[in-house]
Amino acid sequence: MENNNPAATEVCYVKGVGEKRAKQLNKLGISTVYDLVTHYPRGYIDFNNTVTIADAPQDENCVIKAKVTRKLAPYYGKIALFRVLVSDGTGDMLITFFNTVYSFQRLKVGEEYCFYGKAGGNFLRREMSSPIFVEAKDSHILMPRYSLTQGLSHNMLSGYVKNALKDYSFPERLSERLMAENRLLGFSDALRMIHFPHTEEEYSLAKRRLTFEELFLLQIGLKSMKNRNKKLTGAKMTTKDISAYYASLPFELTGAQKRAIKECTDDMQNPAPMNRLLQGDVGSGKTAVAAAVCYFAYLNGMQSTLMAPTEILAAQHYQTLCGFLSPLGVKVELLTGSATAAQKKKIRAEIANGEVHVAVGTQALIQKNTAFANLGLVIADEQHRFGVEQRAALSGKGDNPHTLIMSATPIPRTLGMIIYGDLDISTLDEMPKGRLPMKTYGVDSSYHERLYRFILKYTQNGFQSYIVCPLVEEGISEKASAVRYIESLQNTCLKDVPTGLLHGKMKQADKDAVMKAFKDGELKVLVSTTVIEVGVDVPNAVVMIIENAEQFGLSQLHQLRGRVGRGKEQSHCILVTDNKSEFTRARIDTMVRTSDGFEIANEDLKLRGPGDFFGSRQHGLPPLKISDIYADFEILEETKRAAEKVLADDPRLEHPDNSGLKAMVDELFSNAANA
Ligand code: ADP
Ligand code: MG
């Protein structure tokens, strides 16, 4: 069978798959034949690298080469057991499969196989459970290992891939010139070799080709977007004197803040819209920069909008901006979900007729049916939840308004090149003066009593504290978990301390009330799940305890920690975990050692791999299937140059040589392009 559109053919049609398996494959994100063959192996098993049964190391993965001597009668209990005995002359081994008759049926008595798995058992009889195996005559291949889901085995998946590669064709879509210039393998060869390499070299060639393609497409897509944004803005501004703003601030801006403001106001005087990321560690003072830029727009007779990911943050930004800008005659309004319909209607009307100069709200509220009289500037806080698609959608709001995206998640340069390939970047690399570096500790739960006394002491001295408790147990709700925690405080020295509770399931009005009470100092301790993660600013809070710290990523811990240390008092962050794994240790040590957000982001990337950055999809970019931003940095640089070259010759990818490329980029960025 020959079929030329694997991307439009459902995976159930691949020989051997069928409806039931297709459902399981769907769980892995595989719905078409193309998805199947681009579900790349995570590693390989080298079946040549064998040990004898007698020498097989205990509880480590290894390959043994042995003959099946006997198949035992299947045992059907709660779990079905399928067992075979194998021997290689140095000893016997009992091999067990659970619930998978498929593997069992494939094994024939008297035949020789290579089995890969963890060898267990004792010196009388060795055992291995659910090994991956091939016939000994096939042991020259490197066997792919895939990420799997319940019901699928490596053998099954590699069988399906093999059938797909045999029965479908995968035409080349990169131009010959590009392939020649960059010494790239053809696509269908690369597919075959990435799944079933015979040698290391085949693997390397295939990996290089596919990595190159993936990163190259990203670069092309992002650069094209950047070019698209080069269309003219209707909000071109002119020089204005913003010294009144500087004068009205209760503090002196840092050099970094001033530089960022200048970069923005310069951008906004260009014919093309500003498309800039303002990146700065928690507490570096991004809001003061945002306010300055809004003021600049105001002096130019244009409206601005500031969008936040949560209501709490929107409310806080509103207060801050009012504080900075109202004295200068700028009218700031807040559009919240909790306002009455009449209030919302009124505010929307004032935004539409231009009375409101700066509209603050959540993204949802601003983006849905809010019309502006004269929108010149869009600011979005915390870009991580704000993807390329939304960025593209925004340009529609005004007449190509300027956009500024604020992020407290420092992105290592390598990642930044990809995620923000379409943005210019301003970095606040200087903290406001007079801040004491925070002290961070890692402890286990035996310290709880001491920690509560620590909080009590600070409370008695007029300060406030956060306790962050993520979901503690599986199966109970976030709310129940937080409620249980707060109840447990009744048995501690904190029982008489006014304590508030904040969790994601609360109504907005209730959240706001709690947050306000904490800000006003009525509540001394705030127990929360992770809803305070971004942006919330209470300078009087100087202690943060993070329970089950192992459940958070490093960057997330850093964000949380940034909630304290905002005033002049020495702040403390205590990470509590009973997890003793090396991974957790390494992460806690990093947090204790440094408070540099960039260093932490780098460490995070190293420890977790880029999968988490990309897996979450929060940035709105297509996920990476094969590239590793760290390891493949050189290829990344190559693709950057290659993309620049291709676009310089053919900016809109209209040349027939580039038609395959254009199709791929459009597919990849279809959401962003449609928006
Ligand atoms: P972030 O970058 O995390 O959003 P914020 O904008 O919330 O930081 O600022 C953190 C705190 O620092 C706020 O209370 C703000 O008023 C204050 N701040 C900002 N810039 C300065 C400065 N140059 N000097 C002193 N305090 C500042
Ligand atoms: Mg902020």
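Counting convention: from 1, in listed order, for ligands and their atoms alike.
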Based purely on interatomic distance, does Ala288 place a nitrogen or oxygen under 3.5 Å from a nitrogen or oxygen of ligand 1? no
Carboxylate-amine/guanidinium proximity below 4.0 Å for Arg593 and Glu599: yes
Answer with yes or no after comparing the ring centroid distance for Phe324 and Tyr295 against a 6.0 Å cut-off, counting only values under it. no
Mark up the atoms of ligand 1 that fall under 4.0 Å of a heavy atom belonging to Gly285, in ascending order. 1 (P), 2 (O), 5 (P), 6 (O), 8 (O), 9 (O), 19 (C)
Identified side chain to side chain donor-acceptor pair (under 3.5 Å) partner of Ser426 from the options Gln279, Glu263, Lys286: Glu263
Under 4.0 Å to a heavy atom of Leu253 - the qualifying atoms of ligand 1, by number: 23 (N)
Going by the rule side-chain contact (heavy atoms from CB on, under 4.5 Å), which residues pair with Asn540 if we only count those two or more places apart in sequence or in a different chain? Phe463, Gln464
Could you list which atoms of ligand 1 come closer than 4.0 Å to a heavy atom of Thr287? 4 (O), 5 (P), 6 (O), 7 (O)
If we number the atoms of ligand 1 from 1 as shown, the ones under 4.0 Å from a heavy atom of Thr254 are 23 (N)
For ligand 1, is Gly283 a contact, meaning one of its heavy atoms is under 4.0 Å away? yes
One thing to verify: whether Glu355 and Lys331 come together as a salt bridge, which I'm taking to mean a side-chain N less than 4.0 angstrom from a carboxylate O. no
Report yes or no: does Ser284 have a heavy atom closer than 4.0 Å to ligand 1? yes
Please compare Glu252, Lys433, Lys286 and report which has the shortest non-hydrogen distance to atom 4 (O) of ligand 1. Lys286
Closest heavy-atom contact between Gln570 and Tyr458? O-OH, 4.4 Å
